[in-house]
Amino acid sequence: MRTLRLRQTRWLSRMGRILTHVTIVNALDPAPEISCEALVDTDAWGLMLPRAWKERLGAFQMTRTVEMVAADQRVVSGEVCGPVTIQIEGWEPVSSEVTFVDMELEGGRYRPLLGYTVLEQAGLAADPVGGRLLKIPHMDLRAASGSTG
């Protein structure tokens with residue numbers, strides 16, 4: 001079984017890491033929840049959690065297996081599950097999905113990744129210089145329409 005190893009890249013060590021508190025609940029059964037610290041990774045897609053945590057959220061309405069290319073070019077398998085509700089720090093919660101992947105422990109802890117799709121859903125942007133997340137004042141639909149102005 002392949003394991004996804006998360007490594008700090010050079011730009012993160014120069015510019016700073018953005019770590020944020022995330023709470024995830026299964027939309028079908030909101031009683032169990034996972035609260036964790038996630039590394040903001042704008043090159044990652046969605047919210048990546050360790051496969052070892054999957055059972056903590058109970059049964060999901062939808063699951064599918066996907067193949068993904070890791071930062072080190074390995075192809076790894078993930079299980080996309082949903083719907084879930086994701087709340088990043090004190091921002092408004094969003095409805096999304098989560099991908100469970102095999103992860104190795106780092107210093108005795110897993111390091112979940114918070115990717116760009118969930119950030120966009122929440123209306124947030126990464127400020128790597130300030131090491132924080134910023135609220136986007138409005139959604140920019142110009143790119144979706146092909147307009148540049």
Side-chain angles (χ1 to χ4, degrees), residues 1-136 139-140 143-144:
M1 182 168 275
R2 295 182 174 161
T3 301
L4 180 63
R5 175 174 285 163
L6 306 175
R7 294 182 294 188
Q8 183 175 353
T9 59
R10 284 187 203 185
W11 74 268
L12 280 174
S13 63
R14 281 196 315 266
M15 299 299 285
R17 294 167 58 120
I18 301 175
L19 297 170
T20 189
H21 183 79
V22 179
T23 301
I24 307 102
V25 297
N26 185 331
L28 296 179
D29 181 10
E33 70 178 37
I34 294 176
S35 289
C36 62
E37 187 174 65
L39 175 64
V40 174
D41 183 351
T42 56
D43 284 335
W45 170 81
L47 177 61
M48 307 288 174
L49 296 179
R51 194 179 307 269
W53 292 358
K54 182 177 181 246
E55 299 304 317
R56 291 171 51 183
L57 290 177
F60 291 97
Q61 178 180 352
M62 182 272 312
T63 63
R64 70 182 187 279
T65 301
V66 295
E67 298 292 315
M68 302 171 289
V69 178
D72 62 3
Q73 303 306 310
R74 290 178 299 120
V75 175
V76 296
S77 178
E79 189 173 0
V80 179
C81 301
V84 297
T85 301
I86 301 170
Q87 183 166 18
I88 303 167
E89 300 258 339
W91 306 104
E92 290 292 320
V94 296
S95 181
S96 192
E97 54 192 18
V98 63
T99 303
F100 293 97
V101 296
D102 292 324
M103 290 184 181
E104 290 183 11
L105 293 170
E106 290 183 19
R109 302 175 71 181
Y110 290 112
R111 180 63 70 206
L113 292 178
L114 178 61
Y116 71 91
T117 56
V118 178
L119 290 173
E120 287 180 354
Q121 285 176 311
L124 300 173
D127 173 12
V129 175
R132 61 191 174 157
L133 294 174
L134 300 172
K135 184 70 176 165
I136 300 169
M139 297 290 181
D140 187 354

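It should be emphasised that the depicted structure is a prediction, and the values quoted were computed from it without experimental measurement. Values below: every heavy atom of this structure, side chains too, minus hydrogens, waters and symmetry copies.
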Report task. Check whether any side-chain heavy atom of K54 sits under 4.5 Å from a side-chain heavy atom of C81, and report yes or no. Result -> yes

Query raised in the report: Can you tell if the side chain of I88 reaches within under 4.5 Å of the side chain of L124, non-hydrogen atoms only?
Result: yes

Report task. Would you check, one step at a time, whether the test side-chain contact (heavy atoms from CB on, under 4.5 Å) holds for H21 with Q87? Result -> CA-CA 8 Å; H21 183 79; Q87 183 166 18; over 6 Å; no

Report summary line: Minimal heavy-atom distance between L49 and P112, with the atoms involved, is CD2-CB, 3.6 Å

**Report entry** Audit row: E33, T23, side-chain hydrogen bond (donor to acceptor under 3.5 Å, both in side chains) steps and yes/no
**Finding:** CA-CA 7 Å; E33 70 178 37; T23 301; 5.0 Å; no

Report task. Can you see which heavy atom on I18 is nearest to which on A126, and at what distance? Result -> CD1-CB, 3.8 Å

Query raised in the report: Between V22 and L47, is any pair of side-chain heavy atoms under 4.5 Å apart?
Result: yes

Query raised in the report: What closest approach, in Å, do I86 and S96 show between heavy atoms, and which atom pair accounts for it?
Result: CD1-CB, 3.8 Å

Query raised in the report: Got a second to check how far L105's CG is from R109's CZ, nearest 0.5 Å?
Result: 10.5 Å

Report task. Look only at the side chain of N26 and the backbone of G82, and say whether a donor-acceptor pair between them is shorter than 3.5 Å. Result -> no

Report task. Could you pull out the closest heavy-atom pair between V25 and P32, with the gap in Å? Result -> CG1-O, 3.9 Å

Report task. Answer whether the closest heavy-atom distance between the side chains of R51 and E79 falls below 4.5 Å. Result -> yes

Report task. For side-chain contact (heavy atoms from CB on, under 4.5 Å), just list the numbers for V40 and L19, CA-CA rounded to whole Å, side-chain angles, deciding distance to a tenth of an Å, and then say yes or no. Result -> CA-CA 6 Å; V40 174; L19 297 170; over 6 Å; no

Report task. Look at the aromatic rings of Y110 and W53 and report parallel, tilted or perpendicular, splitting at 30° and 60°. Result -> perpendicular

Query raised in the report: Going by heavy atoms in the side chains, are V94 and T85 under 4.5 Å from each other?
Result: no

**Report entry** pair E97-P83: side-chain heavy atoms closer than 4.5 Å
**Finding:** no

Query raised in the report: Around E89, counting heavy atoms of other residues, nucleotides and ligands shown, do more than 12 lie under 6.0 Å from its CD?
Result: yes

**Report entry** Side-chain heavy-atom pair L119, L114 within 4.5 angstrom cut-off
**Finding:** yes

Query - Student check: side-chain heavy atoms of Y116 and D41 closer than 4.5 Å - result: no

Requested in this report: Mind listing the closest non-hydrogen atom pair of T99 and G78 along with its distance?
Outcome: CG2-CA, 4.1 Å

Query raised in the report: Stepwise, does the side-chain contact (heavy atoms from CB on, under 4.5 Å) test hold for V118 with W45?
Result: CA-CA 8 Å; V118 178; W45 170 81; over 6 Å; no

Report task. Begin with the C-alpha distance, continue with both residues' side-chain angles, and end with the deciding distance and a verdict on side-chain contact (heavy atoms from CB on, under 4.5 Å) for W91 and T20. Result -> CA-CA 11 Å; W91 306 104; T20 189; 5.9 Å; no

Requested in this report: Please name the pair of heavy atoms, one in R17 and one in R111, separated by the smallest distance, quoted to 0.1 Å.
Outcome: NH2-NE, 3.6 Å

